[in-house]
Protein chains: 2
Amino acid sequence: MQEKPRARKGRRPTMVDVAREAGVALRTVSRVVNDDATVGAELVERVRSAIAALDYRPDERARHLRLGVTGTLGAAVRQLSHVNPVLRAVERAARAAGLMVLAASTEDDEKIERHVVESMCRRRFDGILLEPIGADHGYLVPELAAGLSLVAVDRPVLGLEVDCVLSDNVAGIETAFAHLVAHGHRRIAYIGDDERIYTAQERATAFRACLRAQGGPADAMIHTGPIERDRIHRALETALSGPAPATAVITGNATLSVETVRWFRDHHDDVAIVGFDDSELATLLRPDLTVVAQDDAAIGDTAITMLRTRIADPSTPVRKVTVPVTLQARGSGETPPKRP
Amino acid sequence: MQEKPRARKGRRPTMVDVAREAGVALRTVSRVVNDDATVGAELVERVRSAIAALDYRPDERARHLRLGVTGTLGAAVRQLSHVNPVLRAVERAARAAGLMVLAASTEDDEKIERHVVESMCRRRFDGILLEPIGADHGYLVPELAAGLSLVAVDRPVLGLEVDCVLSDNVAGIETAFAHLVAHGHRRIAYIGDDERIYTAQERATAFRACLRAQGGPADAMIHTGPIERDRIHRALETALSGPAPATAVITGNATLSVETVRWFRDHHDDVAIVGFDDSELATLLRPDLTVVAQDDAAIGDTAITMLRTRIADPSTPVRKVTVPVTLQARGSGETPPKRP
DNA sequence: CGGTATCGGGATAACGTTATCTCAATCGGC
DNA sequence: GCCGATTGAGATAACGTTATCCCGATACCG
């Protein structure tokens, strides 16, 4: 018994097969598939049932090749498998626009970033969202010249004029600092990420400016470096000891907040803390963690909007958008200083 | 001044342009691009410099169309933007195999899952990794018949014979239960996810079996349902009150552990807890959270291996692989019962 | 020196779509 | 009853690759 009217064995059915099955011209099948109104009702029906009988699925590779566009956006992010609320907003916004987002991790590795982005370019994705790694983005120059639409998220592409959407890191630090000052703190420490990372550098610089404005000493108050447990704990130890220990700490990102809390729970319970970046565990601690929260949804929506604008008109002037952050007071940042 | 020898304006250069630029035949460019050894050194050089001059990048759409394969794997996961250590292992393993993984979220929505998977099929991805949503996967039947290579991760595709790789949920629950019993607990409660979710159902069932084996009463001891804060807190309240309150709790997944800890911190500090799924915050609590941890790396590696095997030979018999879990004793599960 | 391997490289035909062009048939108007 | 407009559908040419075939030139052997 012949199961189905299959085309050539082992191959997926193609439009030619559908046309043969329906007794109709190739072009007519294409018209039906693309909802072209100029096909008679009876023929549409014949083609439809042929498609169903063969389980025909159009080959997007061929469509995209012919059409010139792929309806696909690439997202090259640091780690897919990390919490990344921005990506969620990105997927949502893209789906609403009828675009497909396909994502891959750069693993914070320049080599991998380049490989991922170039792969997406060779696949002729309509546009790419990128969380850029630190240093050299020279490889992007020819791609951009060839018409790549790119939007950088969270960090700019240094040295290149590229659209980007960032959080307002400076305002975030200033807000956190002012918040702690308003609650009576005068000696505030900052624990930050490696300053080779753009956001870390920006936040640390903003904090230094706050210290200068306040007129306080800076050396023991600011500690930046790689995300390593020992480094962080040593920094905290330094900041919270000596003749003039800090009475409050600002942490530069979610991981640092975690490590700081981890250390506090064994050493202190009277230091105020304000973290940068909101996270699930902010409300797990006691008191709940006060944070400077980024507006993930706004960042994602803005990124997709900018990318679509650039795809629609590559001559659009480059824009750098800064998205406001908000302070979420939850308790940990409202503790008064132990010894004023 | 003419900047670069561009092909047709606005279009990316193609092999034809490179061939013209190098004064060579189209086929020769293809050979150079694909490192075919049969091209003379001088011509290779000419072609190479033409490629560089034009910033030529092969169009993978055309390659893939011609070649029949895309060298691309799709990963349709519940939420890209959630922590998903398995996906990390998947990306790593695929990269090692020279394949590209492109991921998209299904958002735990059957409609979106279907849309994502079908999009990947139309793009003719070589294979797809899927974290399947609950109910109806009928749409997969024609795809599978047409030769789709699919591996289900974390949950099986119910009603279809499809490769899958799962954690050993039953052994995990048994281990957690036995661990608490060994530490003196006799009244152990289970807080689980909605049993319409496969893993939740499997874990709850295993827990019921444990209760039966122990001969204890079950009703007040097992609470499953949707992940909603109020529901969970009410369930905990029930389990920990009355004449015979539980002295220990097993939580069915990471989110439930979080909510349970959140509730405990305001109400109890003497109940033992063992969580299913490891997470960053397991070591943030006091005492540290004892968990049943899945072997994410093994799951990811296995999934990629199975997928590659099936792609290489679609007639491979369907396999269901169960990956062992391990108990990470950290303190919270070793607390003795308050009132034995 | 002629004949035949061998090697390098070009012409041409797919891959599965869509777009352009063409043409046959139907219809309305005068 | 003829003509132009309109509609429906087919033939054919791209899109940018790679694979098959083939041919010209050099080298080697008898």
Side-chain angles (χ1 to χ4, degrees), chain A residues 7-8 10-48 50-51 54-72 121-126 146-147, chain B residues 7-8 10-48 50-51 54-72 121-126 146-147:
Chain A
R8 280 145 302 184
R11 245 193 200 74
R12 294 197 72 130
T14 151
M15 271 196 176
V16 181
D17 302 317
V18 175
R20 188 179 332 111
E21 173 79 8
V24 92
L26 172 61
R27 184 67 182 87
T28 305
V29 179
S30 172
R31 277 192 258 256
V32 172
V33 168
N34 293 292
D35 290 321
D36 189 321
T38 71
V39 184
E42 189 224 355
L43 276 200
V44 169
E45 194 39 51
R46 280 225 319 264
V47 172
R48 286 260 155 76
I51 289 177
L54 268 61
D55 285 327
Y56 166 74
R57 299 284 181 277
D59 186 328
E60 295 286 341
R61 294 173 296 189
R63 283 198 80 226
H64 294 159
L65 175 59
R66 180 66 236 239
L67 255 33
V69 298
T70 56
T72 310
C121 288
R122 284 199 308 271
R123 283 173 169 78
R124 297 294 189 268
F125 284 4
D126 291 344
Chain B
R8 279 143 303 184
R11 244 194 201 74
R12 294 196 72 129
T14 152
M15 270 197 176
V16 182
D17 302 316
V18 176
R20 188 178 334 110
E21 174 80 8
V24 91
L26 172 61
R27 185 66 183 91
T28 305
V29 178
S30 172
R31 277 192 257 257
V32 172
V33 169
N34 294 291
D35 291 322
D36 188 320
T38 71
V39 184
E42 190 223 356
L43 275 200
V44 170
E45 193 40 51
R46 282 226 315 266
V47 171
R48 285 260 157 77
I51 288 176
L54 267 59
D55 286 327
Y56 165 75
R57 300 283 181 276
D59 186 327
E60 296 286 340
R61 295 172 298 189
R63 284 198 80 226
H64 295 333
L65 175 60
R66 180 66 235 238
L67 255 32
V69 298
T70 56
T72 311
C121 287
R122 285 200 307 273
R123 282 173 169 78
R124 298 291 190 267
F125 284 5
D126 292 344

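Throughout, protein chains are lettered first and strands after them, A, B, ... in sequence-line order, and every chain is numbered starting at 1.
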Axial bend angle, the helix from C/dC1-D/dG30 to C/dC30-D/dG1: five-pair end segments, nearest 10°:
50°

Quick one: [X] [atom1] to [N] [atom2], roughly how many Å, whole number?
X       : N      : atom1 : atom2 : value
A/Asn34 : C/dT18 : CG    : C1'   : 8 Å
A/Leu54 : C/dG16 : CG    : P     : 13 Å
B/Arg61 : D/dC15 : CZ    : C1'   : 8 Å
A/Asp59 : C/dA14 : CG    : P     : 18 Å
A/Arg12 : C/dC15 : CZ    : P     : 17 Å
A/Leu67 : C/dA19 : CG    : C1'   : 10 Å
A/Arg63 : C/dG16 : CZ    : P     : 16 Å
A/His64 : C/dC15 : NE2   : C1'   : 16 Å

So which atom in A/Ala22 and which in A/Ala50 form the shortest heavy-atom distance, rounded to 0.1 Å?
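Minimum heavy-atom contact is CB-CB, 3.8 Å.
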
Heavy-atom pair with the smallest gap, counting every atom of B/Val33 and B/Pro58:
CG1-CG, 4.3 Å

Answer yes or no: does a side-chain N or O of B/Thr14 lie under 4.0 Å from OP1 or OP2 of D/dT17?
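For D/dT17, OP1/OP2 do have a side-chain N/O of B/Thr14 under 4.0 Å.
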
Respond yes when some side-chain nitrogen or oxygen of B/Ser30 is under 4.0 Å from OP1 or OP2 of D/dT17, and no when none is.
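It does not, given that no N or O in the side chain of B/Ser30 lies less than 4.0 Å from OP1 or OP2 of D/dT17.
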
Does the side chain of B/Thr72 come under 3.5 Å of the side chain of B/Arg124 through a donor N or O and an acceptor N or O?
no

Donor-acceptor pairs under 3.5 Å, side chain of residues 60-67 of chain B to any protein atom, not counting sequence neighbours: which ones?
from	atom 1	to	atom 2	distance (Å)
B/Glu60	OE1	B/His64	NE2	3.2
B/Glu60	OE2	A/Arg122	NE	3.0
B/Arg61	NE	B/Asp59	OD1	3.1
B/Arg61	NE	B/Asp59	OD2	3.2
B/Arg61	NH1	A/His64	O	3.1
B/Arg61	NH1	A/Gly68	O	3.3
B/Arg61	NH2	B/Asp59	OD2	2.7
B/Arg63	NH2	B/Asn34	OD1	3.4
B/His64	ND1	B/Val69	O	3.2
B/His64	NE2	B/Thr70	O	3.3

Which residue is it: B/Val47, B/Thr28, B/Leu26, B/Ile51? I am looking for the one with a side-chain contact (heavy atoms from CB on, under 4.5 Å) to B/Met15.
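Testing each of B/Val47, B/Thr28, B/Leu26, B/Ile51 against B/Met15, the sole residue satisfying side-chain contact (heavy atoms from CB on, under 4.5 Å) is B/Leu26.
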
Base contacts versus sugar-phosphate-only contacts with protein, heavy atoms under 4.0 Å: please encode nucleotides 8-13 of chain C as B, S and - from 5' to 3'.
SBBB-B

To the nearest 0.5 Å, how far apart are CZ in A/Arg57 and OG1 in A/Thr14?
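Reported to 0.5 Å precision, the distance equals 14.0 Å.
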
Got a donor-acceptor contact below 3.5 angstrom from the A/Arg12 side chain to the B/Ala146 backbone?
no

Can you check side-chain contact (heavy atoms from CB on, under 4.5 Å) on A/Asp17 and A/Glu21, steps first, answer last?
CA-CA 6 Å; A/Asp17 302 317; A/Glu21 173 79 8; over 6 Å; no

